[in-house]
Amino acid sequence: MSSVDKRRFKRFKKKKIWPSVFAFVVVGTVCVAVDVLFLHLCILSVLGTKVAGQYEDVAQYGGELRMLTEGGTPLQDAAEQLFAGEMAGQDIYVTGADGSVVYQTGDSQPNFDRRLDIPLLDEIAALEDSAEVFTGTDEIIDVYRLARRDIMGNALETKRKDETYMQFMKTPVFGQAYWLGTPVPESGAFLYVKCRMEVERQDVFFALAFGIAAQVFLLIPVILLFIHTIRSAVLQKGLTQLIYMDTVTGGRNWLYFKNYGERILTRLVNNKKAFALVNLHLERYQNYRACYGVQAGESLLESMDGFLSARVGRNEAFARYEGADFGLLLQCDGDSDEERVDRCRKRIRSLLAELTGLRPNQKIHFDAGINMIPLHVGPDVKWYSRRKDVDIDQLYTYANAARVETAGTEEQRISFFDEDMLGRQKWERWVEDTMETALRNEEFEVYLQPKYNPVTGKLVGAEALVRWISLSTGLITPSHFIPIFERTGFITQLDDYMISRVAKLQAEWMIQGRKAIPISVNVSRAHFAQEGLADNICRLVDAYGPSHDLIELEVTESAFFEEKEILVDTVKQLKAYGFRVSMDDFGAGYSSLNSLKDIPLDVLKLDGEFFRGSEDDGGRGEIVVREAIQLAKNLHMSIVAEGIEKKEQVDFLASQGCDMIQGFYFAKPMPVEEFMEKMEKDA
Ligand code: C2E
Ligand code: MG
Ligand code: MG
């Protein structure tokens, strides 16, 4: 995935969901915290009010005790007087100015070692009771626990019939003894009164009601936010599924493949695994759609998708690229590169075989290009380093290039990508990009290869062979660009150019009074498919005016197998215009003697292959050459033997009456100036 794609995709994925989740978490936390705090404060204020009420009573007793002692009554008597009556039964503890106990009722007494910490009212001296250990304010303010204890302890039984509502609500659910102390002013004495803190049902109800109300109130935004977050998540999941869906197959699309494929390849655990990126192609899909309908075509792709999803494993991926092309990322196990390649080939072959059976009554073909992705290990690779810069599109392009290079030649073809293939394809592109400019810049040069009479040793003819003297690359021989020119159709322009150049040369030599030597020019078979070729050649030659019989046109033998009628017509017309026509490369491929019968050719050029056979063939090669020469002679054709490199070959051909020899034995193709010097000497 390119960096731009990645950025866009991340932006999409991060949209909406994270702000919602973040807001939900923040607001939720704040709400819970506020709720707990409110409940806490609420209970504390209830407790505070209760303690404050009891303290007021104690302080009032302290005031009364002071009045009595100021009136002269001793402290002990004053205490007895004050607490014996209506306060009888209440635990009281009075200490004098020296700290000694002056008066005490009840069994228990304040525990002076344990001062209680009552929040909000810390100026009050609150002390734990010696007989009843204080459970702590935390327990009291844990209103939920109190309520639960009340229910569990069956205290919260349904209200009895004889019980008033107030009695029911006033029933305590928690009680705790403690002492409140107050100084008796001016006397140095202290009065301690044992009190009881009681949390009643109404307190618990109040706190619970308040807490629940606060919770409901605060939870509304939290719930709304929660719903919003869930909706965003669902929406995003749906959107993600949508952007990852292929609208034709209903399966995953290319974006998913790139994203997931990249994740697979960059996973650390996959470093020691090899993969193959495969371009799977259904042949003649457009034809299938045209014949069976668009819907049938799309249904076939859908079936392919379904089939592949059952065959592609967890650590693998696939998706449709476009048209009827699918990309597959497959894991290739094996102990060596060869084994991995072999297994991969077998797997793809069986996949293709199964795919062919998808439509039992229809003939469908597939081919595949495979780009192997090797293990990411080796001396330079650290064990923790992942595959970097994985570009699925590029890897797929190479797989596709491998497929395209060999497509259409054989059923179910499987081809592997390699660097040479890339080099070839880059070369082809360069040739295609530069050929027109090169022709305009006259970068194509005529080289001439002499033809000799083997008996006299005289130079009697020449073949014009093109050389591309590229300004950037230097000399390029025809085999590197002629096939590309033939494929693109540019060959016709080159052939025209060569014919013009040779015509011009012949015209110049004529003016210069040089010896007339016929020169043959190659005419591509692609050219022969054109109507009016003879007229065109005639026009090109006549532009310079040399005699037509000085120009010979070479047509390769293979051209005679296609478009025979046009070819025969063209040859006849050329001959009528006075040009000589030769059959080039006779014997290089599948020769057909029939073509010699049907086409009135002037010259037969025996291919160098004839002479490159094994030495110990029992003389069979010589018999074939001899008979071929005899055949041509009987058909009144001249014979040129090409590719002759050895003296024995020359001698043999001379003895058989071969008219001309063209080969490195005499001379290689050479620039025109050099040829002219040779012509001066040898012609
Ligand atoms: P061709 O027309 O059969 O040309 C003969 C080829 O054989 C030439 O290769 C030549 O250099 C080579 N040759 C000649 N004698 C010997 C020998 O003794 N030993 C060996 N090993 N080779 C020898 P070249 O120049 O590389 O051309 C290759 C082919 O490219 C030509 O085969 C022809 O088919 C094509 N070609 C060359 N120039 C043109 C052109 O201007 N137009 C067209 N259409 N095709 C051309
Ligand atoms: Mg030739
Ligand atoms: Mg040839």
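Heads up: numbering here begins at 1 and tracks the sequence. All ligand and atom numbering here is 1-based and tracks the order in the structure.
An N or O contact shorter than 3.5 Å is missing between Ala464 and ligand 1 by distance. Polar contact check, Glu645 against ligand 1: a nitrogen or oxygen pair lies under 3.5 Å apart. Considering backbone and side-chain N/O of Asn522, one or more are found under 3.5 Å from N/O of ligand 1.
Under 2.8 Å from the Mg ion (ligand 2) lies no N/O/S atom of Thr556, from backbone or side chain alike. For Glu554, the nearest N, O or S atom to the Mg ion (ligand 2) falls under 2.8 Å.
When you scan the N, O or S atoms of Asp585 for the one nearest the Mg ion (ligand 3), you land on OD1. Take the N/O/S atoms of Asp584: the one nearest the Mg ion (ligand 2) is OD2. When the Mg ion (ligand 2) is compared with the N/O/S atoms of Glu463, atom OE2 turns out nearest.
Atom 22 (N) of ligand 1 has its nearest heavy-atom neighbour, among Tyr447, Phe481, Phe664, Phe611, in Phe664. Taking only non-hydrogen atoms, the option from Asp585, Asp607, Val555 nearest to atom 3 (O) of ligand 1 is Asp585. Distances from atom 44 (N) of ligand 1 to the heavy atoms of Ile482, Asp495, Val466 show the closest one on Asp495.
Counting heavy atoms closer than 4.0 Å to ligand 1, residue Glu642 contributes side-chain atoms (C-beta onward) but none from N, CA, C or O.
Salt-bridge formation is detected for the pair Arg487/Glu428: a Lys NZ or Arg NE/NH1/NH2 atom is positioned less than 4.0 Å from an Asp or Glu carboxylate oxygen.
Look at Lys668 and you'll find every heavy atom at least 4.0 Å from all atoms of ligand 1.
Annotation: atom 1 (P) of ligand 1 to nearest protein heavy atom, Asp584 OD2, 3.7 Å.
Of the possible polar contacts, one joining the Asn453 side chain to the Thr456 backbone as a donor-acceptor pair under 3.5 Å is found.
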